[in-house]
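To start, the structure itself, in structure tokens.
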Number of protein chains: 2
Amino acid sequence: MNIVNKDRRMTKQRQVILERLREVKTHPTADEVYAMVKEDLPKISLGTVYRNLDILAELGLIQKLEMAGQPKRFDGNPHPHLHGKCIACERVVDLGPDFDFGLDKKINGFKVLDYKLEIIGLCSRCQEKENKLK
Amino acid sequence: MNIVNKDRRMTKQRQVILERLREVKTHPTADEVYAMVKEDLPKISLGTVYRNLDILAELGLIQKLEMAGQPKRFDGNPHPHLHGKCIACERVVDLGPDFDFGLDKKINGFKVLDYKLEIIGLCSRCQEKENKLK
DNA sequence: AATGATAATAGTAATAGTTATCAATAAGAG
DNA sequence: CTCTTATTGATAACTATTACTATTATCATT
Ligand SMILES: [Mn+2]
Ligand SMILES: [Mn+2]
Ligand SMILES: [Zn+2]
Ligand SMILES: [Zn+2]
């Protein structure tokens with residue numbers, strides 16, 4: 001849990017970003033993290049938020065979710081798991097454990113080292129709304 | 001093959017963009033399409049390229065590939081197929097038919113309508129280079 | 001072939017998201 | 001407490017893309 005070392009210090013800003021991100025189950029964008037953290041540290045700058053989100057992801061303490069054609073999102077849960085993007089409410093929700101795609105195999109001569117799977121559909125909340133309309 | 005109708009005209013620009021994109025097996029970005037098309041139409045503007053790539057994708061004549069955290073790429077082949085992104089040469093290569101992920105099912109209450117699968121690894125060309133180095 | 005309505009264009013400004021720069025500050029080792 | 005330097009806040013810069021607009025070109029209709 002101690003990330004402090006020769007070239008990494010634990011600043012108030014870094015600490016609050018990590019804490020606030022860990023206590024939500026949403027997957028906020030950098031802007032949204034900025035808004036959350038400003039409640040505690042009103043003078044923090046957006047650049048600091050971006051910088052620390054990158055560093056925390058690099059350290060493996062959080063996850064950076066890069067969805068196609070949309071701003072990056074961040075996940076306080078560092079353990080790999082499957083995400084769904086709701087086309088109605090735009091939220092990103094947890095769908096449970098990741099598939100085991102089977103790495104290091106080859107497809108058509110291409111050596112598979114990693115993959116990104118993005119599930120698109122309707123979250124349960126939006127399905128309910130849809131049902132009430134008919 | 002005739003996309004002309006009440007509110008869609010076939011311009012020289014649109015035609016050349018479609019032709020040039022169809023004759024390459026790469027997956028160029030808008031900028032790269034711009035460079036290709038300028039050989040035929042030196043006065044075309046980048047905005048026109050973007051606009052037409054969107055329209056052609058909307059018409060189902062080409063594909064827009066939105067990779068996580070990188071500029072969009074375009075594919076002259078409109079039929080769904082699997083793509084691999086090489087971490088060495090940065091190229092996007094065709095890997096053959098798409099998996100049948102099985103749509104309309106539910107994962108954890110989330111209704112799956114679509115998905116994006118991005119394979120990351122080494123293309124065969126870069127694997128050869130790697131082998132020669134040892 | 002000429003006309004006319006309007007889709008599309010070239011050129012450019014604007015925007016969103018993110019990264020880079022840098023003087024001032026503060027974490028933390030000694 | 002002191003010193004080194006990682007980090008910060010503020011802001012500029014950048015990249016990819018979209019929006020705006022006066023002018024031009026397509027094509028259905030005459
Ligand atoms: Mn998650
Ligand atoms: Mn392809
Ligand atoms: Zn929803
Ligand atoms: Zn390669």
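Letters go in sequence order (proteins before strands), and every chain restarts at 1.
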May I have the distance from A/M67 (atom CE) to C/dG17 (atom C1'), rounded to whole angstrom?
16 Å
Classify A/T11 by what it touches in the nucleic acid, base, sugar-phosphate, or nothing, heavy-atom distance under 4.0 Å.
sugar-phosphate
Would you say B/Q13 reaches C/dA10's phosphate, i.e. side-chain N/O to OP1/OP2 under 4.0 Å?
yes
Could you tell me the separation between the CG atom of B/D31 and the C1' atom of D/dT15, rounded to a whole number of Å?
9 Å
What does B/R51 touch in the nucleic acid at a heavy-atom separation under 4.0 angstrom: a base, only the sugar-phosphate, or nothing?
base
Ignoring backbone atoms, establish whether B/S45 has a side-chain N or O less than 4.0 Å from OP1 or OP2 of C/dG11.
no
Looking at B/Y50, does any N or O in its side chain come under 4.0 Å of the phosphate oxygens OP1/OP2 on D/dT18?
no
Distance, rounded to the nearest Å, where B/M10 contributes CE and C/dA7 contributes P:
16 Å
Taking atom P of C/dA8 as reference, at what distance in whole Å does atom CG of B/L41 sit?
16 Å
From CG of B/D54 across to P of D/dA19 the rounded distance in Å is 10 Å
Can you tell me how far C1' of C/dG11 sits from NZ of B/K43, to the nearest Å?
10 Å
Base C/dT6 to side chain B/R9, donor-acceptor N/O within 3.5 Å cut-off
yes
Salt bridge or not between A/R73 and A/E66? Use side-chain N to carboxylate O under 4.0 Å.
no
Within 6.0 Å of NZ in A/K105, more than 12 heavy atoms from elsewhere:
yes
Under 4.0 Å between any heavy atoms, over every strand shown, what does A/R8 touch: base, sugar-phosphate, or nothing? Just pick one.
sugar-phosphate
For A/G47 and for B/K12, find the nucleotide of DNA chain D with the closest heavy atom, then tell me which residue's nucleotide is more 5'.
A/G47
B/K72 side-chain proximity, nearest of D/dT17, C/dT19, D/dT18:
D/dT17
Shortest non-hydrogen contact between B/I62 and B/L53, atoms and distance
CD1-O, 3.5 Å
Could you state the atom-to-atom distance from CD1 of B/I55 to P of D/dT18 in whole Å?
12 Å
Near A/R125 CZ, under 6.0 Å, is it more than 12 heavy atoms from other residues, nucleotides or ligands?
no
Using whole Å, what does the distance between atom P of nucleotide C/dT25 and atom CD1 of A/I44 come to?
17 Å
Between A/H83 and A/H81, is the ring centroid distance below 6.0 Å?
yes
